[in-house]
Amino acid sequence: MRHNFDLAREGYLNLLPVQHKHSSEPGDNKSMLYARRAFLEAGYYEPMAKAVAMMVAVGRPQGQAMRLLDVGCGEGYYDRQIHAYCGQSVQIELHGADIAKAAVAAAAKKLPSARYIVASSKRLPYADQYFDTLLRVFAPSDEGELKRLLQPSGRLLIVTPGPRHLAQLKAFIYSEVREHAEEIVLPQGFERLDTQRISYRIKPDRAARAALLQMTPFAWRTNPAIRQALDEPEELDIETDFILTLAIKTAKDHTLEQKTAC
Ligand SMILES: C[S@@+](CC[C@H](N)C(=O)[O-])C[C@H]1O[C@@H](n2cnc3c(N)ncnc32)[C@H](O)[C@@H]1O
């Protein structure tokens with residue numbers, strides 16, 4: 001595989017990921033960001049967000065501060081929920097990173113006590129083992145970076161769509177709706193501590209349905225006919241289905257074991 005790096009005059013390497021080079025607006029574009037903002041702030045995912053907040057805080061030793069990074073944080077909706085639900089009982093140093101500048105700017109404005117950066121999840125500019133908790137909600141990440149950034153026995157919480165997630169919305173787009181897997185494959189070097197499945201129904205109005213469509217990857221597959229069909233029903237009952245997977249970083253590095261095995 002060929003890699004091209006920009007060697008700066010001063011002699012350092014700019015290891016800019018490919019998507020930085022080919023897009024003036026890396027990550028989610030503004031219409032996706034605005035759609036996600038409108039939908040999340042209307043509270044449709046609040047039960048899941050509460051569960052996320054509880055899950056990052058539960059089982060922590062009394063009085064121990066938490067240093068948490070939200071990888072692919074978007075506009076920091078889940079960070080604000082964590083701050084609101086756990087901020088009184090746990091001392092939290094909240095960090096968020098996302099490749100979309102507009103999202104990070106909005107996150108920072110809404111939660112000034114947190115620290116946000118524009119960065120790719122493939123190269124996160126933090127010291128090794130800087131965090132004890134990592135959060136990844138519907139966002140891409142890099143296995144090596146997750147492992148590098150977490151302290152030994154640090155915890156990783158991943159939120160992914162469950163099998164029935166948005167099934168009724170998907171039915172407008174796909175002739176055959178394929179279900180997501182119920183269990184995710186954890187990155188090497190992590191062991192599952194707990195899995196919670198949070199499922200409930202929502203009844204988004206027309207504007208919220210349009211926002212939901214726009215904030216998901218389904219947006220790329222829609223056309224005016226689909227949008228019109230989705231706009232027709234006065235009420236639409238939609239299933240949400242989230243898998244929350246809490247894992248611990250184990251002392252053993254299976255990747256190294258595999259590399260050295262012969
Ligand atoms: C589906 S959104 C989820 C945002 C947020 N976690 C939430 O649930 O509200 C995915 C996010 O990942 C970000 N993203 C995509 N590629 C990324 C990358 N390589 N590095 C960092 N963030 C990335 C996008 O900009 C977007 O904000």
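Keep in mind that this is a model prediction, so the values were computed, not measured. Order of appearance sets the numbers: ligands from 1, and atoms from 1 within every ligand. Atoms considered below: every heavy atom in the structure, side chains included; atoms not considered: hydrogens, waters and symmetry mates.
With a 4.5 Å cut-off on side-chain heavy atoms, E143 and R148 do not count as touching. Using a 4.5 Å cut-off on side-chain heavy atoms (C-beta onward), H95 and D70 make no contact.
Ligand 1 lies out of reach of A103, whose nearest heavy atom is not under 4.0 Å from it. Ligand 1 has F138 within reach: a non-hydrogen atom of the residue lies less than 4.0 Å from it. At a 4.0 Å cut-off, at least one heavy atom of R36 sits close enough to ligand 1 to count as contact. At least one heavy atom of L40 sits closer than 4.0 Å to an atom of ligand 1. Within the 4.0 Å heavy-atom shell around ligand 1 one does not find A97.
Looking at V52, D28, D98, V104 and measuring to atom 27 (O) of ligand 1, the nearest heavy atom belongs to D98.
Atom CZ of R192 has more than 12 heavy atoms from other residues, nucleotides or ligands within 6.0 Å. Remark: Q91 CD is loosely packed, at most 12 non-hydrogen atoms of other residues, nucleotides or ligands lying under 6.0 Å away.
Residue S121 places at least one N or O, backbone or side chain, under 3.5 Å from an N or O of ligand 1. For a threshold of 3.5 Å applied to N or O pairs, the pair formed by G72 and ligand 1 contains at least one separation below that value.
Of the candidates D79, L157, L246, L157 is the only one forming a side-chain contact (heavy atoms from CB on, under 4.5 Å) with V52. Among K30, R37, K101, the one residue that satisfies the salt bridge (Lys or Arg N to Asp or Glu O under 4.0 Å) test with E75 is R37.
Near G74, with a cut-off below 4.0 Å to any heavy atom, the atoms of ligand 1 are 4 (C), 5 (C), 27 (O). Counting the atoms of ligand 1 from 1 in the order shown, those under 4.0 Å from a heavy atom of A119 are 20 (N), 21 (C).
A search for ring-ring contact (aromatic ring centres under 6.0 Å, His included) contacts involving F39 returns Y44, Y45, not counting sequence neighbours.
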